[in-house]
Amino acid sequence: MAVNMYYDKDADLANLKGKKIGVLGYGSQGHAHAQNLRESGMEVMVAELPDTANYKLACEHKFKPLAVAEVVKGADLILMTLPDEIQPWVYKNDIHHNLKAGKTLGFTHGFNIHFGQIVPPDGVDVIMIAPKGPGHLLRSEYVGGGGVPCLVAVEKDHSGKALQTALAWGSGIGGGRAGILETTFKDETETDLFGEQVVLCGGVTELIKAAFETLVEAGYPPELCFFECMHELKLIVDLFYQGGISYMRYSVSNTAEYGDLTRGPRVINEESRKEMKKILHEIVTGQFAKEFILENSANRPVFNALYKRDYHHQIEVVGRKLRRMMKWIDSKEV
Ligand code: NDP
Ligand code: MG
C-alpha cells in the first residue's frame, strides 16, 4: 500500500498567514519548529519555564518566552513540543480551558492523543507533523536550504482545513523540501513504539549485552569484546544508512558476509519473531501505554532500577575507559 506524499508545491503557507503559532517548550523539537517557522515568515510565540537553560536559549534567539497558558490564549496553532510524559499534566492545568473552538492543536508524536491521555474539546482541529529526525537536524537542514522528511496526520478536522494547516506547518519547517508522508496517529504511534522497543533501543541493546557476556564468560578480554560487540556497530549502521543491507554486505569482507547470511537467522529466530508479535500486541492493545503511564505516576520504580543495573554493566565500565582513548570521538558520560 503506497502512502500519499506531499511537497512544498502541495502546501500553501498562506494557510498560516495572519495566524499566530505557539510553540510549547523550546527543547530538541521546539527550538527547531519555532525558528524555522519564524524564518518562513510566520508569527511565532514560545512558552518555556523561567530560569531554565532553554528559556535562556529562546531569549538568545530573540523570542520572549511566556507561560503556557498565555501562549495558548494568544495562538491559533499550538504546537505540543513538551516531553510526552509531561504533556497530559500541562494540558490539564494550562491548556484545556484556554483551547477555544477554531484553534488547532499540533503534535510531533501521537502517543497522548492515540492513547487518550489528552482529549481536546470539540471544535478544535488535531494534527501531527512528525519529523523523522532530531530537532537539531531539522534546524541545520533548514538553514542549509534542505529539509527532513516528515509524517503528517489528521486526527480531528473540525474546520475542514486541518490537512492544509498541517501541510503549511510541515512546509514551514522545511519538511516539504524533502517530502511529507501521510499517515494516522495510530500508525505513527504504534510503529514508533515498536521500532524503539524491538530494534533501535531494546533489541540492539540486549543483542550487544548478550554477545558481550557470551565472549567474556568464555574468557576473552572485556576490552576486545567491547570493540567487537559495541564499538564497531557504528561502522555497520553507517553503511545501512547510506545503502541498506546490500551495501553493508558489499562493503564488509566475504567472511563477514557469509557469517551474516548463515548465522544471523539463528540469533534472531522463530522464537524472537514470536516475541516481537507479542510486543506488538501489547502496543496495539494499549497494555504498554498503561504500564508506562502507571510507572510514571508511581515515580518510575522499575524504570530506575533497570536503568541503574545497566549503568554499572561491565560493557559500560570498559566502554567509558576505552572511549577516553579515542580522542576523535565526541565522547559523552551521563
Ligand atoms: P525536550 O525534552 O527536548 O524539550 C521539551 C522542552 O519543554 C524542554 O525545553 C523543557 O524544559 C520544556 N518544558 C517542560 N515542561 C514545561 C512547561 N511546563 N512549560 C514550558 N516548557 C516546559 O523534548 P523533545 O523535543 O525531545 O520532545 C518533544 C516532542 O517531540 C515529543 O512529543 C517527542 O515525542 C517528539 N519528537 C521528538 C523527537 C526528537 O528527536 N527529540 C523526534 C520526533 C518527535 P526543561 O528542559 O527546562 O525541562
Ligand atoms: Mg521514533
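Numbering of ligands and ligand atoms starts at 1, following listing order.
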For ligand 1, which atoms, with element, lie under 4.0 Å from some heavy atom of [X]?
X	answer
G25	6 (C), 7 (O), 12 (C), 21 (N)
D84	31 (C), 32 (O), 33 (C), 34 (O)
N54	8 (C), 9 (O), 46 (O)
Q87	32 (O)
G27	3 (O), 4 (O), 6 (C), 9 (O)
P134	40 (O)
P131	43 (C)
H109	32 (O), 34 (O)

Start with the C-alpha distance between E190 and K186, add both sets of side-chain angles, then the distance that settles salt bridge (charged side-chain N to carboxylate O under 4.0 Å, His left out), and finish with yes or no.
CA-CA 6 Å; E190 292 172 354; K186 175 185 187 302; 3.0 Å; yes
Can you confirm whether some protein heavy atom lies under 4.0 Å from atom 48 (O) of ligand 1, or whether none does?
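For atom 48 (O) of ligand 1 the answer is no, since every protein heavy atom stays at 4.0 Å or beyond.
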Do me a favour and list the nearest non-hydrogen protein atom to [atom] with residue, atom name and distance?
atom	value
atom 41 (N) of ligand 1	S28 OG, 3.4 Å
atom 29 (C) of ligand 1	T108 OG1, 3.2 Å
atom 2 (O) of ligand 1	P83 CG, 3.7 Å
atom 43 (C) of ligand 1	Q29 NE2, 3.6 Å
atom 12 (C) of ligand 1	E48 OE2, 3.3 Å

Looking only at heavy atoms, is any part of [X] under 4.0 Å from ligand 1, and if so is it the side chain, the backbone, or both, or is it neither?
X	value
L49	both
Y26	backbone
T52	side chain

Do you know the tightest heavy-atom contact between S40 and L13?
O-CD1, 4.0 Å
Closest contact, heavy atoms only, T108 versus E188
O-OE2, 4.4 Å
Surrounding CZ of F227 (heavy atoms of other residues, nucleotides or ligands, distance under 6.0 Å), is the total greater than 12?
yes
Are more than 12 heavy atoms, taken from residues, nucleotides or ligands other than I245, located less than 6.0 Å from that residue's CD1 atom?
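At most 12 heavy atoms, drawn from other residues, nucleotides or ligands, come within 6.0 Å of this atom.
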Give the cluster check for F63 versus L138: same hydrophobic cluster or not, with ILVMFWY residues linked at side-chain heavy-atom distances below 4.5 Å.
yes
Do L163 and Y7 sit in one hydrophobic cluster, given that two such residues count as connected whenever their side-chain heavy atoms are within less than 4.5 Å of each other, even indirectly?
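No, it is not one cluster - the side chains of L163 and Y7 are not joined through contacts under 4.5 Å.
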Heavy-atom distance to atom 13 (N) of ligand 1: which of T189, D192, V90, L82 wins?
L82
Quick one: do R323 and E333 make a salt bridge, cutoff under 4.0 Å?
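So R323 does not pair with E333 through a salt bridge.
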Check residues 124-131 and write down every donor-acceptor pair under 3.5 Å in which the side-chain atom is one partner and the other belongs to a residue at least two apart or another chain.
residue	atom	partner	partner atom	Å
D125	OD1	H158	N	2.6
D125	OD1	S159	N	3.0
D125	OD2	S159	OG	2.5

Under a 3.5 Å cutoff, is there a donor and acceptor pairing between the side chains of N296 and R300?
yes
Would you say the side-chain atoms of Y6 and E182 include a donor-acceptor pair closer than 3.5 Å?
yes
